[in-house]
Number of protein chains: 2
Amino acid sequence: MKPSAAPAERPLRADARRNRERILAAAKTAFAEAGVHAQMEDVARRAGVGVGTVYRHFPTKEALIGELLAEKFRLLLQGAREALDVEDPWEAFAGTLRRNAELMAADAAVQDALMRVEADWSHAEEARQELKATFAIVIDRAKAAGVVRDDFTIDDVPMLMCGLCSTMAAGPPGEPFDWRRHLEFILDAVRAR
Amino acid sequence: MKPSAAPAERPLRADARRNRERILAAAKTAFAEAGVHAQMEDVARRAGVGVGTVYRHFPTKEALIGELLAEKFRLLLQGAREALDVEDPWEAFAGTLRRNAELMAADAAVQDALMRVEADWSHAEEARQELKATFAIVIDRAKAAGVVRDDFTIDDVPMLMCGLCSTMAAGPPGEPFDWRRHLEFILDAVRAR
DNA sequence: CAATATACGGAATCCTCTCTCCGCTTGTCA
DNA sequence: TGACAAGCGGAGAGAGGATTCCGTATATTG
């Protein structure tokens with residue numbers, strides 16, 4: 001199904017590897033702060049390289065954002081995996097959502113990407129699928145324990161999180177919404193009565 | 001407090017008035033369909049006028065969107081006012097949210113505007129304030145009747161609606177989220193236990 | 001029905017990015 | 001150390017759109 005990832009990837013030259021890391025780090029902060037509106041030149045400047053170099057490593061802006069997105073999803077997945085070890089089924093469920101929401105809140109670009117289709121999601125796909133599978137287990141446990149409503153499904157999670165993310169970024173200028181309160185409303189809605 | 005709106009507004013020439021209406025109508029559909037991404041030329045074409053004419057009536061794209069936004073808020077306000085006549089406190093509350101959500105769903109531009117700060121909100125401000133005041137009454141009635149949780153406030157409404165709107169526009173390409181389901185989750189969260 | 005202020009149209013202008021290109025620099029390897 | 005492929009920088013080509021400008025057309029008015 002999956003062809004060999006790369007036929008004969010010769011290792012990057014030392015300086016190139018270093019620059020790639022710098023670019024990724026610069027992009028992480030630039031996009032986290034400004035969302036998808038951050039410009040490629042910003043990224044280059046922060047990384048201390050020229051734009052050409054950024055493009056040498058990532059063919060398009062979309063691809064660069066896609067990489068960050070993938071990284072973020074790996075973090076979310078990690079959060080979900082840790083939930084599997086949590087005794088209390090509700091705590092496993094709600095705790096993961098709370099922790100992962102914090103991860104999203106720290107990153108305007110991911111919020112943007114979640115809400116519009118402006119990024120290359122392909123690199124994140126793998127982590128996304130596994131995240132879905134993993135969190136489905138957490139949800140099933142919670143449902144089995146009777147702490148989450150029966151009609152709740154794993155597919156509701158992206159929808160609700162999407163809504164939550166939009167409240168992280170939006171709100172009357174100067175006084176952002178209290179998205180943690182929003183999250184608590186959601187958790188209340190999902191908790192079994 | 002409020003100075004005379006316009007010192008001596010001489011009436012528009014007949015053709016100008018007609019064009020203004022056409023432009024507004026064209027903008028309504030163009031933006032409803034494509035969100036803030038619709039282009040000024042689209043609007044002009046649909047209205048059967050040149051771009052210059054659009055700009056004669058609305059100084060910027062922001063201003064044009066602002067006008068539509070104001071109009072939409074007047075509709076939302078009307079919805080809230082009608083709720084005052086509804087007997088059942090919960091029905092008044094939930095019914096209004098459901099009906100107004102449908103209004104939002106019909107208009108991609110408003111969703112966009114709600115989530116980003118790309119429009120001129122000043123024209124909508126008046127209706128917005130009144131909407132807030134009016135719906136606050138509906139909420140108080142519902143709280144008094146014990147059908148809405150005590151810690152819910154009018155300020156939660158924009159936040160939750162913002163989240164809801166984002167799920168109207170977003171979702172995996174091809175299979176949009178079921179925002180009505182999202183709304184029911186919200187209503188469940190807000191309903192007193 | 002002129003005279004004239006209002007409006008109109010839409011090509012041209014401006015701006016803001018993303019992405020390309022190519023001469024120069026620097027690791028790497030024998 | 002010398003040869004050379006791998007990388008680099010950054011000016012500028014392009015593209016997409018908002019906004020402007022001005023010659024022309026048309027309501028309105030006396």
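What you see is a predicted model; the values in this text were computed from it and never measured. Residue numbers begin at 1 in each chain, while the letters A, B, ... track the order of the sequences.
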Margin query: Could you tell me how far apart A:F58 (CZ) and C:dT20 (P) are, to the nearest whole angstrom?
Written below: 15 Å
Note to self: Is there a side-chain contact between A:T53 and the phosphate of D:dG9, meaning an N or O under 4.0 Å from OP1 or OP2?
What the structure shows: yes
Report all interatomic pairs (protein N or O, nucleotide N or O of nucleotides 27-30 of chain C) with separations under 3.5 Å.
residue	atom	partner	partner atom	Å
C:dT28	OP1	A:A14	N	3.1

Margin query: Quick check on C:dC8: is either OP1 or OP2 less than 4.0 Å from any side-chain nitrogen or oxygen of B:N19?
Written below: yes
Next item on the list: Report the distance from atom CZ of A:R45 to atom P of C:dC17, rounded to the nearest whole Å.
Entry: 12 Å
Notebook entry, point to check: In whole angstroms, how far is the P atom of D:dG17 from the OH atom of B:Y55?
Noted result: 12 Å
Checklist line | Whole-Å gap separating C1' (D:dA15) and NE2 (B:H37) | finding: 17 Å
Notebook entry, point to check: Relative to the 5' end of DNA chain C, which residue comes earlier, B:P11 or A:V51, by the nucleotide with the nearest heavy atom?
Noted result: B:P11
Next item on the list: Name the closest nucleotide to the A:H57 side chain, picking from D:dT19, D:dC8, C:dT20.
Entry: D:dC8
Notebook entry, point to check: Taking all non-hydrogen atoms of both residues, which atom of B:A38 and which atom of B:A30 are closest, and how far apart?
Noted result: CB-O, 3.7 Å
Check: Mapping B:K61 and B:G52 onto DNA chain D by nearest heavy atom, which one lands closer to the 5' end?
Finding: B:K61
Note to self: I want to know whether A:F185 and B:F185 have ring centres closer than 6.0 Å.
What the structure shows: no
Notebook entry, point to check: Taking atom CG of A:D42 and atom CZ of A:F31, what is their separation to the nearest 0.5 Å?
Noted result: 8.5 Å
Check: Is the shortest heavy-atom distance from the side chain of A:F58 to the side chain of A:L24 under 4.5 Å?
Finding: yes
Item checked: d(CZ, A:R56; P, C:dC21) in whole Å -> 13 Å
Notebook entry, point to check: Do B:F73 and B:W121 make the cut of ring centroids closer than 6.0 angstrom?
Noted result: yes
Check: Do B:L183 and B:M161 touch side chain to side chain, with heavy atoms closer than 4.5 Å?
Finding: yes
Notebook entry, point to check: Once you round it to whole Å, what is the distance between C1' of D:dA18 and CD of B:Q39?
Noted result: 9 Å
Item checked: Between C1' of C:dG10 and CE of B:M40, the distance in whole Å -> 14 Å
Next item on the list: In whole angstrom, give the distance that lies between atom CD1 of A:I23 and atom P of D:dG10.
Entry: 13 Å
Check: If you look at every heavy atom in A:M104 and A:Q111, which pair is closest and at what distance?
Finding: O-NE2, 2.8 Å
